[in-house]
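Since this is a predicted model, take the numbers as computed values, not measurements. Just so we're on the same page: letters track the sequence lines, and every chain starts at 1.
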Amino acid sequence: MERPLTQHIDPNGSPLSLAAYEQVGGYAAVRKALKGMTPQEVQKLVQDSNLKGRGGAGFNTGMKWSFVPMGNGVPQVRYLIANADEMEPGTFKDRVLLEGNPHQLIEGMILAGYAIQANISYVFLRWAYRKAAQVIRKSIDEAYAAGYLGKNILGSGYNLDMHLHTGVGRYMCGEETALLNALEGKRATPRAKPPFPQVSGLFGKPTIVNNVETFCCVPHIVNNGADWFKGLSHSEDGGTKLYGVSGKVKRPGCWELPMGVTMRELIEEHAGGMQDGVQLKGVLPGGASTDFLTAEHLDIKMDFASVAAAGSRLGTGTMIVMDDATCPVGFVHNLQHFFAQESCGWCTPCREGLPWVEKILLSLEKGEGSEADMELLHMHAQFLGPGHTFCALAPGAMEPLQSALKYFREDFEKHIHEKRCPYANHQ
Amino acid sequence: MSLTENEIQSIDHEIALVPYKKAAVIEALKIVQQHRGWVSDESVEAIAGYLEMSPAEVDSVATFYNLIFRKPVGRHVILLCDSISCYVMGYKELYSALSKKISIKFGETTPDKRFTLLPNCCLGCCDHAPAFMIDEDLYQDVKEGELEEILNKYA
């Protein structure tokens, strides 16, 4: 089984240096593309590989790049940004790539930058990733010194500068347009679309923002071709995927596996199954903003279409397992606390609705809830859902809530009828 | 308090990377906080003056971000992850133990200014929950019995 993204990462070792990366074929793709391919050929190759964005939305990466205006008579300043904010609770996959093989990210960014003819790039990294910050800063310097960044890269005539920007903590920064505002020195509130960032992004110029894992796939696609990439997968979506499992499993962790492995394989085989004494009750398959699935869904494939068909989202592919000793109401309360706190306040439904939801869940946990609260929760799940808010934060927050109301309704009702948390003794 | 030469030098470096001065405001706040530990009203005014912004404009940015401190903090800041994987793996118990040990709650600073304790959303090490950071050091799979030894590293 091929693991192109992680095969050279030593889980307990140092990050791959430039020399070590070159020794295993690193930067060969940059040489190949900059010397023998046009930007359009790189775009087309990535589009044909069916690489879908690994940040959660799952849009075809090459197609996204193709929306950048190219040629004469269009803005010549273009930006490229790696979204390394990774602040969604339960999500920890990009950390592995950032800390383990930083040059793979840089190489992917050079190729993407070349494909859209961007000359300035940023790595937008969350503050908490201190080790990654050190590693990326050092690797960017190494890449400049070796002629992979800067002016006239490898004599090709192509120029690309790269800067590291570390955030100061706000989940909204992971939203594409809010990230642009943060980079411009503003509050990270989302922007109206259209215009899309591909046309008018950072400082009003065409901009591409991609997830770290997405960029890391690109050198391998350029080296080995679109068909090879598609062949790595067990599903229609191309490539491998970094999957993660956290919660009360025997071996929580992160693994690179063919896109489309089953949830059962991930939880039972790779994560070693549930810890002794607890059973699986629910799973958020792709981070805090995805709908719960349950044990009956264990055999679904973990790819974008299959998880959607089961009523949830693949998201970041890092699943959070809820066991039967953990209170679902407390679990969802924790999630809503996070979303309420991280709402940027830009639009009223999100700013006002999420704290309301949080308060209702807290009162349920304390045994002070009533049947009317269930109606209120259902109402919020609908009115904070897609189409009612400015961006996807509140609809994302409603995914675990609405599915918890569907699958764990009995638990909510027990809190109301018993006037206490029935799980209190188990925690 | 006006900006020091060192701070101005670092802020100028950031201004050179962006198309207009204002765009460097987050970096300026980070730089001032790095030197002074937190961002006071006087610091906000100094940054505003230097970047040709109003103090309210600078403050609107400073108060938006979780890790810009608008109140004084202790010598060491503890960021305890309160997100879902840590919640499942016993963050509440860890918080109780930690809070008891240093006798402060979230948002407070010890009387000797040694520690400030803050909640922090997901630290991105969900497979090693529960976790916290002290200054720039990450502690994972933390057990209550290890707290004493960890805290002793920070005077």
- Message: Less than 4.5 Å to any heavy atom of chain B: does that hold for the side chain of A:Arg126, its backbone, both, or neither?
- Response: side chain
- For A:Leu284, is it the side chain, the backbone, both, or neither that has a heavy atom closer than 4.5 Å to a heavy atom of chain B? neither
- Note on the structure: Bottom line for A:Gln134: the part with an atom under 4.5 Å from chain B's heavy atoms is neither
- Query: For A:Glu184, is it the side chain, the backbone, both, or neither that has a heavy atom closer than 4.5 Å to a heavy atom of chain B?
  - Reply: both
- Engaged part of B:Glu57 at the chain A interface, taking heavy atoms whose separation is under 4.5 Å: neither
- Atom group of B:Asp82 that falls short of 4.5 Å from chain A, counting heavy atoms: both
- Side chain from CB out, backbone as N, CA, C, O: work out which of these in B:Leu138 comes under 4.5 Å of a heavy atom of chain A, or both, or neither. side chain
- If one checks every heavy atom of B:Asp141 against chain A at 4.5 Å, the contacting part turns out to be neither
- Query: For chain B, which of A:Arg251, A:Met87, A:His165 has the most heavy-atom pairs under 4.5 Å?
  - Reply: A:His165
- Query: Is chain A contacted by the side chain of B:Leu17, its backbone, both, or neither, given a heavy-atom distance below 4.5 Å?
  - Reply: both
- Is it the side chain or the backbone of A:Glu342 that comes within 4.5 Å of chain B heavy atoms, both, or neither? side chain
- Query: With a cut-off of 6.0 Å (strictly less than), are more than 12 heavy atoms of other residues, nucleotides or ligands near NZ of A:Lys250?
  - Reply: yes
- Task: Check B:Cys125 against A:Phe92 and note the closest heavy-atom contact, atom names and distance.
- Result: N-CB, 4.3 Å
- Query: Could you give the distance from CD1 (A:Ile320) to CE (B:Met89), rounded to the nearest 0.5 Å?
  - Reply: 13.0 Å
- Item | chain A contacts, top residue of B:Leu67, B:Ile26, B:Ile84, B:Val25 (heavy-atom pairs, under 4.5 Å) | B:Ile84
- Query: Which bit of A:Tyr171 comes within less than 4.5 Å of chain B, counting heavy atoms only: side chain, backbone, both or neither?
  - Reply: neither
- Item | Residues, nucleotides or ligands: over 12 heavy atoms within 6.0 Å of A:Gln76 CD | yes
- Query: Are any of the side-chain heavy atoms of B:Thr63 and A:Arg187 separated by less than 4.5 Å?
  - Reply: yes
- Task: Identify the heavy atoms of B:Leu123 and A:Tyr129 that sit nearest to each other, and give their distance.
- Result: O-CE1, 3.5 Å
- Decide if atom CD of B:Glu146 counts as having more than 12 heavy atoms of other residues, nucleotides or ligands within a radius under 6.0 Å. yes
- Of the listed residues (B:His128, B:Lys30, B:Lys22), which shares the most heavy-atom pairs with chain A below a 4.5 Å separation? B:Lys30
- Below 4.5 Å, heavy atoms only, C-beta onward: do A:Met322 and B:Val88 meet side chain to side chain? no
- Message: Rounded at 0.5 Å granularity, tell me how far CZ in B:Phe64 sits from CG in A:Asn181.
- Response: 9.0 Å
- Task: Answer yes or no: is there a side-chain heavy-atom contact under 4.5 Å between B:Met133 and A:Trp127?
- Result: yes
- Query: Judged by atom type as modelled, is there a donor-acceptor pair below 3.5 Å linking the side chain of A:Arg95 to the main-chain atoms of B:Gly124?
  - Reply: yes
- Message: Within the structure provided, determine whether A:Val168 and B:Leu29 are in side-chain contact (heavy-atom separation under 4.5 Å).
- Response: no
- With only heavy atoms counted, which part of A:Thr318 is less than 4.5 Å from chain B, the side chain, the backbone, both or neither? neither
- Hey, what do you get for SG (B:Cys126) to CE (A:Met319), rounding to the nearest 0.5 Å? 13.0 Å
- Considering only heavy atoms, which portion of A:Asp323 lies under 4.5 Å from any heavy atom of chain B: side chain, backbone, both, or neither? side chain
- Query: Which answer fits A:Phe338, side chain, backbone, both or neither, if we ask what part of it has an atom under 4.5 Å from a heavy atom of chain B?
  - Reply: side chain
- Which bit of A:Arg170 is near chain B, if near means a heavy-atom gap under 4.5 Å: side chain, backbone, both or neither? both
- So with a 6.0 Å cut-off around NZ of B:Lys153, is the heavy-atom count from everything else above 12? yes
- Side chain, backbone, both or neither of A:Cys344 within contact of chain B (heavy atoms, under 4.5 Å): both
- Scanning both residues in full, the closest heavy-atom pair of A:Ala188 with B:Tyr65 reads N-OH, 3.3 Å
- Of all heavy-atom pairs between B:Val18 and A:Phe203, which one has the smallest distance, and what is that distance? CG1-CZ, 4.2 Å
- Search all heavy atoms of B:Asp127 against all heavy atoms of A:Cys254 and return the closest pair with its distance. OD2-N, 4.5 Å
- Message: Give me the atom names and distance for the closest heavy-atom approach of A:Ser246 to B:Ser85.
- Response: OG-OG, 2.8 Å
